[in-house]
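Structure first, commentary second.
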Amino acid sequence: MFKLLRSPEAAQCGSAMLVFITAAIIGHEAAVGMNPIQWAWATVSVLGSISVAVMVHVWPERAKASANPRDRRG
């Protein structure tokens, strides 16, 4: 079960949900009304969630450790 949670697909799905939920909350609050400071922090939160999604998508996958330590020397 924990392998599923740590899989790249779960990370990509989670980061996409983060972007969607952040945009939905900010869209709702914008419809209700926001002051300029709230707009600034809303922009920061959207850019932050998009940055997380980009990092998850382009970050290289960690190489699996070899069972034999001599194989790592090359």
Side-chain angles (χ1 to χ4, degrees):
M1 181 174 129
F2 291 117
K3 285 186 178 185
L4 177 65
L5 293 176
R6 296 182 65 182
S7 70
E9 293 82 16
Q12 288 180 356
C13 183
S15 64
M17 287 190 317
L18 175 68
V19 172
F20 180 77
I21 291 170
T22 303
I25 291 171
I26 292 171
H28 170 71
E29 294 298 323
V32 173
M34 296 187 338
N35 63 30
I37 293 174
Q38 289 173 325
W39 275 107
W41 286 112
T43 304
V44 169
S45 65
V46 167
L47 291 176
S49 63
I50 291 172
S51 298
V52 167
V54 169
M55 282 189 276
V56 165
H57 187 69
V58 300
W59 205 275
E61 189 174 345
R62 188 184 311 182
K64 292 185 179 181
S66 175
N68 190 352
R70 285 188 240 163
D71 291 342
R72 292 186 204 164
R73 288 189 220 160

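One finds the CD1 atom of I26 at 12.0 Å from the CH2 atom of W41 (value rounded to the nearest 0.5 Å).
The two residues M34 and A42 make their nearest non-hydrogen contact at CE-CB, 3.9 Å. Summarising the geometry of H57 relative to Q12, their closest heavy-atom pair is ND1-NE2, 3.7 Å, with the distance given to 0.1 Å.
With sequence neighbours excluded, the residues satisfying side-chain contact (heavy atoms from CB on, under 4.5 Å) with I50 are V19, V46, V54.
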